[in-house]
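Numbers for residues simply follow the sequence, beginning at 1.
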Amino acid sequence: MAFVAMNDERKLDPVYLEIDPAVIKLPNVMITDAPSNQKGVERIVAATALDKLDLDVLYKRMEWKDPAVLDRLKIAEKYEILIPTSLDKRYIVGGL
């Protein structure tokens, strides 16, 4: 979504916030393995979803020139964490 907003007529300048990973443990937090606004995307309880996601490609050093690794990365970058309520500011640890 950020890419589209930066490159259409809006020319928005997004701000990326660093969020404490502890939000995963909050009640009712869900994760999707694709953009959550796509039809048919399943929302999975965070504790269950973490075991199913390809987190290595996001957090470990890899051979970025390998097309298979790039394909994995493109998918993983679309993961979303869905927080059903407002987020207390103590969970925002950087980016402001």
Engineer: Under the side-chain contact (heavy atoms from CB on, under 4.5 Å) criterion, do Asp33 and Lys52 qualify, and how do the steps go?
Structural biologist: CA-CA 9 Å; Asp33 62 359; Lys52 298 178 182 180; over 6 Å; no
Engineer: Same cluster or not: Met30 versus Tyr79, using hydrophobic residues (I, L, V, M, F, W, Y) connected whenever any side-chain heavy atoms lie under 4.5 Å apart?
Structural biologist: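 No: no chain of side-chain contacts under 4.5 Å links Met30 to Tyr79.
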Engineer: Please report the shortest heavy-atom distance between Val15 and Gly95, naming the atom on each side.
Structural biologist: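 Residues Val15 and Gly95, closest heavy atoms: CG1-O, 3.4 Å.
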Engineer: Step by step, work out the side-chain contact (heavy atoms from CB on, under 4.5 Å) result for Val69 and Trp64.
Structural biologist: CA-CA 6 Å; Val69 172; Trp64 302 115; 3.8 Å; yes
Engineer: Closest approach of Met62 and Arg72, non-hydrogen atoms and distance?
Structural biologist: CE-NH2, 3.7 Å
Engineer: For a quick test of reading the model, state the closest non-hydrogen atom pair linking Ala49 to Ile31 and the distance between them.
Structural biologist: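 In this case the closest contact between Ala49 and Ile31 is CB-CB, 3.8 Å.
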Engineer: Minimum heavy-atom separation for Pro27 and Pro84, please, with both atom names.
Structural biologist: O-CG, 4.1 Å
Engineer: What's the shortest heavy-atom distance between Lys74 and Lys78, and which atoms?
Structural biologist: O-CG, 3.6 Å
Engineer: Within the supplied structure, the quantity of interest is the number of heavy atoms (other residues, nucleotides, ligands) at a distance under 6.0 Å from Asp8 CG; does it exceed 12?
Structural biologist: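 Atom CG in Asp8 is packed in, count exceeds 12.
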Engineer: Please tell me if the side chains of Ile19 and Val93 come closer than 4.5 Å, counting only heavy atoms from C-beta onward.
Structural biologist: no
Engineer: Nearest heavy-atom pair of Glu80 and Ser36: which atoms, and what distance?
Structural biologist: OE1-OG, 2.6 Å
Engineer: Hey, does Ile75 have a side-chain heavy atom less than 4.5 Å from the side chain of Asp54?
Structural biologist: no
Engineer: Calculate, to the nearest 0.5 Å, the distance between atoms CG and CG belonging to Leu73 and Asp66 respectively.
Structural biologist: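 Taking CG in Leu73 and CG in Asp66, the distance rounds to 11.5 Å.
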Engineer: Under 4.5 Å between side-chain heavy atoms, hopping through other hydrophobics if needed: is there a path connecting Ile81 to Leu17?
Structural biologist: yes
Engineer: For the side chain to side chain contact (heavy atoms under 4.5 Å, CB included) test, which of Val57, Asp56, Leu55 pairs with Tyr59?
Structural biologist: Leu55
Engineer: Hydrophobic cluster membership, with links at side-chain heavy-atom distances under 4.5 Å among I/L/V/M/F/W/Y: are Leu50 and Val23 in one?
Structural biologist: yes
Engineer: Is there a donor-acceptor pair under 3.5 Å between the side chain of Tyr91 and the backbone N or O of Pro21?
Structural biologist: no
Engineer: Honestly curious: do Leu53 and Ile44 fall in one hydrophobic cluster under the side-chain, below-4.5 Å linking rule?
Structural biologist: no
Engineer: Verify side-chain contact (heavy atoms from CB on, under 4.5 Å) between Val29 and Leu82, making sure each step is shown before the conclusion.
Structural biologist: CA-CA 6 Å; Val29 170; Leu82 308 174; over 6 Å; no
Engineer: Are side-chain heavy atoms of Leu87 and Leu26 found at a separation under 4.5 Å?
Structural biologist: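 Answer yes - side chains close enough.
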